[in-house]
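For ligands, and for the atoms within them, numbers begin at 1 and follow the listed sequence. Below, all heavy atoms of this structure are taken into account, side chains as well, without hydrogens, waters or symmetry copies.
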Amino acid sequence: MRLLTHREIERLYRILSQSMPGRSSSAKGPKGQPDPFRTCLACILSAQSLDQNTAVATKALFKLARTPRTMLKLSVEQVAAAIKPCGLYNVKARSIQGFCATLIDEFDGIVPQTRDELLRLPGIGRKCADIVLQFAFGQPTIAVDTHVFRVCNRTGLAPGKTADKTADALLARTPEWAVEQAHFWLIQFGKRICVARTPRCDVCPLNQMCRDYIDRQPVPMIR
Ligand code: SF4
């Protein structure tokens, strides 16, 4: 895959900034979670779950407990019952209990502020760690979900075989002015235009630079 040039990347972000909604300045965090601990749990619950189901599960869980220590007083079965709407509830309940136990044992119950430390917590992968770093702690990073991963690979913005590789490349190749909103612009673009099954290339504002689109065009005949 040929990479976009730096000039093209600048243009890509200018176009997205004008055509896609960014993050509301009043937003408290992903899905409205106000603090790092609850941001972590909301991320664990959101795996393979629709936003509306995650919101229901998150609300039910935080009605039962709001701190790592009170969460550990619940049984895995109680947690699983509360978070049932978001699916994979037995696995996620065990992750939540493991997350809380490790948070207390290794970090005195305080969510750490580095990626390496966050990744030591059960249930926290690279995407969750980046979400927590950016939205709970205001650090400059870009979380890569399935939509961002797809757009980065198709366009040539930051190709990578894995989401982690794409995340590294995306952060390195995104201009400073775009880092804060890039996650939101790319997700909205992936949901509205560069959708998974049938991307809307005909109306896509990036089709003149998109490597995947250019590679699919017929080669002109030379007579
Ligand atoms: S041209 Fe098509 S594949 Fe490329 S970014 Fe646009 S919608 Fe996605």
**Report entry** Qualifying residue, where the test is salt bridge (charged side-chain N to carboxylate O under 4.0 Å, His left out) with D168 and the options are R173, K161, R126
**Finding:** R126
Report task. Report the relative orientation of the aromatic rings in W185 and Y13; use parallel for angles under 30°, tilted for 30 to 60°, perpendicular for over 60°. Result -> tilted
Requested in this report: Report the protein N/O/S neighbours of atom 2 (Fe) of ligand 1 that fall below 2.8 Å; do not count waters.
Outcome: C201 SG
Query raised in the report: Which of the numbered atoms in ligand 1 are below 4.0 angstrom from a heavy atom of T155?
Result: 5 (S)
Report task. Please confirm whether the backbone N or O of L45 pairs with a side-chain atom of K92, one donor and one acceptor, at under 3.5 Å? Result -> yes
Requested in this report: Say whether, by atom type as modelled, one donor and one acceptor occur between the side chain of R211 and the main chain of M209 under 3.5 angstrom.
Outcome: yes
Query raised in the report: Do R2 and D215 meet the salt-bridge criterion of a basic N to acidic O distance under 4.0 Å?
Result: yes
Report task. With heavy atoms only and a cut-off of under 4.0 Å, state how R216 meets ligand 1: side chain, backbone, both or neither. Result -> side chain
**Report entry** side chain to side chain contact (heavy atoms under 4.5 Å, CB included) partners for A93, two or more places apart
**Finding:** V76, V79, A80, I83
Query raised in the report: Is a salt bridge present between D116 and R120, judged by a nitrogen-to-oxygen distance below 4.0 Å?
Result: no
